[in-house]
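Data block below; observations after.
In this chain, residues are counted from 1 in sequence order.
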Amino acid sequence: MEGQIMIKKRASYAVIASERFLALPNDTQALYLALAAKCNTEGFIDPYALFATYPFKEADLQLLIDNQFVEKVENGVKVKIDKYETKGK
């Protein structure tokens, strides 16, 4: 059952295979994937909880925000998992 939940939450191939995503530094890509794997079913997560366990940097998170792969919200971030959510505006 847990594996099935993980499949529903993971980043879409269209996002992680996009030129915009692949142009990001490897550490930033890894942060996105960790956020996508650990977010709740609506995509929300406190990224700083991961910073205590993994060697991610604030700059990695800022790159994801700047490139619209995650959206800053009041209590953390919302991971944009669908390719349509991550289109540049």
Side-chain angles (χ1 to χ4, degrees):
M1 179 71 174
E2 187 174 324
Q4 291 174 344
I5 293 170
M6 180 64 184
I7 290 170
K8 291 179 183 178
K9 292 193 315 185
R10 72 173 189 219
S12 74
Y13 181 77
V15 171
I16 62 174
S18 70
E19 288 183 32
R20 280 188 333 126
F21 184 79
L22 294 173
L24 294 171
N26 290 340
D27 288 346
T28 306
Q29 291 179 25
L31 175 58
Y32 174 82
L33 294 171
L35 291 169
K38 296 187 177 277
C39 67
N40 69 18
T41 55
E42 296 175 351
F44 295 102
I45 187 170
D46 176 5
Y48 298 101
L50 291 177
F51 285 28
T53 308
Y54 302 101
F56 298 122
K57 299 179 184 89
E58 182 78 30
D60 297 320
L61 179 60
Q62 192 58 52
L63 276 172
L64 290 175
I65 294 168
D66 292 346
N67 285 282
Q68 300 177 350
F69 287 101
V70 300
E71 176 183 355
K72 197 169 192 172
V73 294
E74 185 176 331
N75 295 323
V77 296
K78 180 181 186 300
V79 181
K80 296 180 179 183
I81 296 171
D82 187 282
K83 69 179 180 176
Y84 300 106
E85 288 183 304
T86 60
K87 284 189 176 179
K89 294 180 180 181

Q: Identify the two heavy atoms, one from Leu24 and one from Thr28, that lie closest to each other, and give their separation to 0.1 Å.
A: CD1-CG2, 4.1 Å

Q. Who are the side-chain contact (heavy atoms from CB on, under 4.5 Å) partners of Glu58, not counting sequence neighbours?
A. Tyr48, Phe51, Leu61

Q | Residues which pass side-chain hydrogen bond (donor to acceptor under 3.5 Å, both in side chains) with Gln62, listed by chain and number, not counting sequence neighbours | A | Asp66

Q | Side-chain (Asn40) to main-chain (Glu42) donor-acceptor, under 3.5 angstrom | A | yes

Q: Working to the nearest 0.5 Å, report the span between CD1 of Ile81 and OH of Tyr32.
A: 6.0 Å

Q: Taking side-chain contact (heavy atoms from CB on, under 4.5 Å) as the test, write out the residues that go with Lys57, two or more places apart.
A: Asp27, Asp60

Q) Excluding sequence neighbours, so at least two apart, what forms side-chain contact (heavy atoms from CB on, under 4.5 Å) with Tyr54? A) Lys38, Leu50, Phe56

Q.
Would you say Leu33 ends up clustered with Ile45 if hydrophobic residues are merged whenever their side chains have heavy atoms under 4.5 Å apart, either directly or through other cluster members?
A. yes

(Q) For Pro47 versus Gly76, what's the shortest heavy-atom pair and its separation? (A) CD-CA, 3.9 Å

**Q.** Verdict with reasoning, Leu31 to Val70, per side-chain contact (heavy atoms from CB on, under 4.5 Å)
**A.** CA-CA 11 Å; Leu31 175 58; Val70 300; over 6 Å; no

Q. Partners of Asn26 by side-chain hydrogen bond (donor to acceptor under 3.5 Å, both in side chains), sequence neighbours excluded?
A. none

Q) Looking at CG of Leu64 and NZ of Lys80, how far apart are the two atoms once the value is rounded to the nearest 0.5 Å? A) 11.0 Å

Q) With sequence neighbours left out, what residues match Glu19 under side-chain contact (heavy atoms from CB on, under 4.5 Å)? A) none

